[in-house]
Amino acid sequence: MDFKDKVVYQIYPKSFQDSDGDGRGDLQGIISRLDYLSWLGVDYLWLTPFFPSPQRDNGYDVANYCAIDPQYGTMADFETLVAEARKRGIGLMLDMVFNHTSTEHIWFKRALNGDEQYQSYYFFQSGTADKIPCNWESKFGGPAWKYVPALGKWYLHLFDEGQADLNWENPAVREELKQVIRFWKAKGVAGFRFDVVNLISKPKKFEDDGQGDGRRFYTDGPHVHEFLQELVRDTGIGNMVTVGELSSTTLANGQRYAGAGTGELSMCFSFHHLKVDYKDGDKWQLMVPDIGNLRELLQEWQEGMQASDSWNAVFWCNHDQPRVVSRFGDTGRYWKESAKMLAGCIHLLRGTPYIYQGEELGMPNAGFRDIGQYRDVETLNYHKILRERGLSEEEAMKVIQARSRDNSRTPMQWQAGRNAGFTAGTPWIGLPEAAASIHVEAEQNDSDSILQFYRKLIRLRKEQKLIAEGSIAFIETENPDIIAYRRKLGQQELVVYCNFRSHSVHTAKDLRQYPATGWRLLLSNYAEENSLAELRPYELMVWLKD
Ligand code: GLC
């Protein structure tokens, strides 16, 4: 399977394009925007869940894996989407949320009705209401167990209480999930993204965690690699494009999940590099990003995965992360420069790049001021928790504004005017103020736009085998302001310099060595030539030796 020269574009259907005026995006909306995606040049679309769901976690609480939620359209719409995308050389990747189901799923409902066969699909523990099975915490805040008085049993939910964890130790569960894969494969999809896939194997016993929230017991659990290999083998998806979302994993495990020949996945997402602004590792405590640490983590995963012939999915943004330009860049004076630098920095790494809708426009965070404007369950829970921890409303909102997952869930910005062309109705969530000026229409018409820069990066990956397949080594590693690396393939070399600061910085190895014989500037984010004395604010310079 060749995915090295491919680029994936992530669509959050609820916020991409509404076609029927109900304020929520839908499949027909996506179909109407395929020409744009084809113009951009992406190869695959990863669609986050559009299956029937009570939407407690925006569709990551799946009530039926093999149907379409009417709010997104019909199965016929989906089939049209597959066919229309294929005509444009674009494949679809579906999001398989197999760690848990919604508590509205028929399996869970049967379990609640007392059917023990279905209780064994989940983790039910007998006991009394005053004695929780163990002290693990939900990723969305609060305990990871919920008591069902009618059964006298607790059930495990690592996420919202409406998302009950599936028991993969039960072979019947594994068979059911294989059927889901076969169903969508038969519909002609190109691949799959597996949600929090490294959490699927739980330990035999549920013990209190004296040191943390329990994650060390269930992350990369005892049978996780076996389960994945079995799923891939029995559904015959080994030659399709697959990506696993790995929560708090280790490099050694990443090497197996996405290793050539391990029979697991094509590639994986790890998140360590997106925690460099978490104070003491806590997402809900703000800190200025530590760029030295960002470089170290990228280096560890890039060079480490290379050493074991494994493959990374490379990304800054998704539907759970704040917008990268607000996070590591600048939304003011250097908005354009910083967004382009960040794009170049991630796209030229060794791995398959993922673009999250709107990232290619330099969309910023939501900038909402009032908690009433937020929709996400995690955000609303943590707003309460932060207030309970003693933060004032103003302090709590400062954290929420930086960290809320809603930052990435505001509607896609297509054009000037009402709701940026997303909907003719009332959008389910508001738009950032910047929507008035940052949109597809403006950027398609501007040859110097961030959008055009992304398009160029996608094209370069296809033109230069070196970008898709070359080896990587980090350079300038003593410099806390710069991330720089060298790619090599045969005689060809590429060096990428990224200044992460809003001021100029010197490089250790004088830039004036370029352009020495044979080197030429392949890409930069400044129009005026650089004197090569230093890197300008947020400057990106990419030199190529053929
Ligand atoms: C993943 C998804 C996230 C969801 C969670 C639970 O992290 O990306 O949106 O809330 O899994 O399914």
Side-chain angles (χ1 to χ4, degrees), residues 1-3 6 8-13 16 26-31 34 37-38 42-53 59-102 104-107 121 166 168 170-197 200 227-245 257-258 263-267 313 352:
M1 169 72 219
D2 189 15
F3 41 79
K6 304 288 189 275
V8 185
Y9 187 93
Q10 184 192 349
I11 291 185
Y12 198 68
F16 193 62
D26 45 46
L27 298 179
Q28 281 297 340
I30 300 174
I31 295 169
L34 283 173
L37 298 163
S38 155
V42 297
D43 303 281
Y44 296 113
L45 304 178
W46 152 26
L47 306 185
T48 61
F50 45 76
F51 315 110
S53 159
Y60 281 91
D61 44 335
V62 180
N64 179 351
Y65 290 108
C66 297
I68 311 284
D69 193 309
Q71 85 173 50
Y72 293 109
T74 62
M75 193 57 85
D77 292 333
F78 179 75
E79 285 159 4
T80 309
L81 175 58
V82 174
E84 288 297 317
R86 184 178 287 153
K87 271 190 210 159
R88 293 162 178 85
I90 297 175
L92 297 189
M93 293 169 70
L94 297 200
D95 211 321
M96 298 289 105
V97 190
F98 285 173
N99 176 67
H100 42 264
T101 71
S102 162
E104 298 290 311
H105 195 289
I106 182 75
W107 303 334
Y121 274 37
L166 278 168
W168 278 63
N170 181 346
V173 168
R174 305 205 295 275
E175 290 311 313
E176 298 265 21
L177 298 177
K178 288 175 201 167
Q179 278 306 109
V180 176
I181 297 281
R182 294 183 188 115
F183 177 86
W184 290 109
K185 208 181 145 190
K187 295 265 174 216
V189 305
F192 299 96
R193 178 246 187 201
F194 293 97
D195 190 58
V196 290
V197 73
I200 57 175
F227 289 162
L228 254 179
Q229 286 161 17
E230 180 188 309
L231 184 80
V232 169
R233 187 186 59 234
D234 291 0
T235 55
I237 58 169
N239 59 353
M240 296 173 79
V241 53
T242 52
V243 57
E245 185 200 27
Y257 292 118
E264 298 185 27
L265 304 170
S266 316
M267 59 187 121
T352 299

Quiz item: Any idea which heavy atoms bring His105 and Val62 closest together, and the distance?
Solution: CD2-O, 3.8 Å
Self-check item: Point-to-point distance, once rounded to the nearest 0.5 Å, from CD1 of Ile31 to CG of Asp26
Solution: 9.0 Å
Exercise. Mind listing the closest non-hydrogen atom pair of Val189 and Leu92 along with its distance?
Key: CB-O, 3.6 Å
Quiz item: Is there a donor-acceptor contact under 3.5 Å from the side chain of Glu245 to the main chain of Val196?
Solution: yes
Quiz item: Taking it one step at a time, do Thr74 and Ile68 satisfy side chain to side chain contact (heavy atoms under 4.5 Å, CB included)?
Solution: CA-CA 6 Å; Thr74 62; Ile68 311 284; 5.9 Å; no
Exercise. Could you walk me through whether His100 and Asp195 pass side chain to side chain contact (heavy atoms under 4.5 Å, CB included), step by step?
Key: CA-CA 9 Å; His100 42 264; Asp195 190 58; 3.9 Å; yes
Quiz item: Out of curiosity, Cys66 SG to Lys187 NZ, how far, rounded to the nearest 0.5 Å?
Solution: 9.5 Å
Quiz item: Quick one: are Phe194 and Leu231 in side-chain contact, heavy atoms under 4.5 Å?
Solution: yes
Practice problem: Dump the intermediate steps for side chain to side chain contact (heavy atoms under 4.5 Å, CB included) on Phe192 and Leu94, then the final yes or no. | Solution: CA-CA 5 Å; Phe192 299 96; Leu94 297 200; 4.2 Å; yes
Quiz item: Is there side-chain contact between Met93 and Val8, with heavy atoms separated by less than 4.5 Å?
Solution: yes
Practice problem: Output the distance between atom CG (Leu34) and atom CZ (Arg86), rounded to the nearest 0.5 Å. | Solution: 13.0 Å
Quiz item: Can you tell if the side chain of Glu176 reaches within under 4.5 Å of the side chain of Val180, non-hydrogen atoms only?
Solution: no
Self-check item: Steps toward side chain to side chain contact (heavy atoms under 4.5 Å, CB included) verdict (Ile181, Phe98)
Solution: CA-CA 11 Å; Ile181 297 281; Phe98 285 173; 3.9 Å; yes
Practice problem: Verify side-chain hydrogen bond (donor to acceptor under 3.5 Å, both in side chains) between Ser53 and Asp61, making sure each step is shown before the conclusion. | Solution: CA-CA 6 Å; Ser53 159; Asp61 44 335; 2.9 Å; yes
Quiz item: Under 30°, 30 to 60°, or over 60°: which ring-plane class applies to Tyr121 and Trp107, parallel, tilted or perpendicular?
Solution: perpendicular
Quiz item: Parallel, tilted or perpendicular: which fits the ring planes of Trp184 and Phe78, with parallel below 30° and perpendicular above 60°?
Solution: perpendicular
Quiz item: Just wondering, do Ser266 and Val243 contact through their side chains at under 4.5 Å, heavy atoms?
Solution: no
Quiz item: To the nearest 0.5 Å, what is the distance between CD (Gln71) and CG (Leu27)?
Solution: 10.0 Å
Exercise. State, with a plain yes or no, whether a side-chain heavy atom of Thr101 is found less than 4.5 Å away from one of Leu166.
Key: yes
Quiz item: Atom CD in Glu175, atom CD in Gln179: separation rounded to 0.5 Å?
Solution: 8.0 Å
Quiz item: For the residue pair Asp95 and Arg193, what are the closest heavy atoms and their distance?
Solution: OD1-NH1, 2.8 Å
Quiz item: If you take all heavy atoms of Phe16 and Ile30, which pair is closest and at what distance?
Solution: CD2-CG1, 3.9 Å
Quiz item: Is there a side-chain contact between Leu45 and Tyr9 (heavy atoms, below 4.5 Å)?
Solution: yes
Quiz item: Name the one of Gln229, Arg182, Lys178, Arg174 that satisfies side chain to side chain donor-acceptor pair (under 3.5 Å) with Asp234?
Solution: Lys178
Quiz item: Does the pair Asp77 and Thr80 meet the rule for a side-chain hydrogen bond (donor to acceptor under 3.5 Å, both in side chains), with working shown?
Solution: CA-CA 5 Å; Asp77 292 333; Thr80 309; 5.3 Å; no
Exercise. Would you confirm whether Ser38, through its side chain, and Arg88, through its main-chain N or O, come within 3.5 Å as a donor-acceptor pair?
Key: no
Quiz prompt | Atom of Ala258, atom of Met267 and distance for their closest heavy-atom approach | solution = CB-CA, 3.5 Å
Quiz item: Do Thr48 and Tyr60 touch side chain to side chain, with heavy atoms closer than 4.5 Å?
Solution: yes
Self-check item: Heavy-atom pair with the smallest gap, counting every atom of Gly91 and Ala190
Solution: CA-CB, 3.8 Å
Self-check item: Any side-chain heavy-atom pair of Leu177 and Trp168 under 4.5 Å
Solution: yes
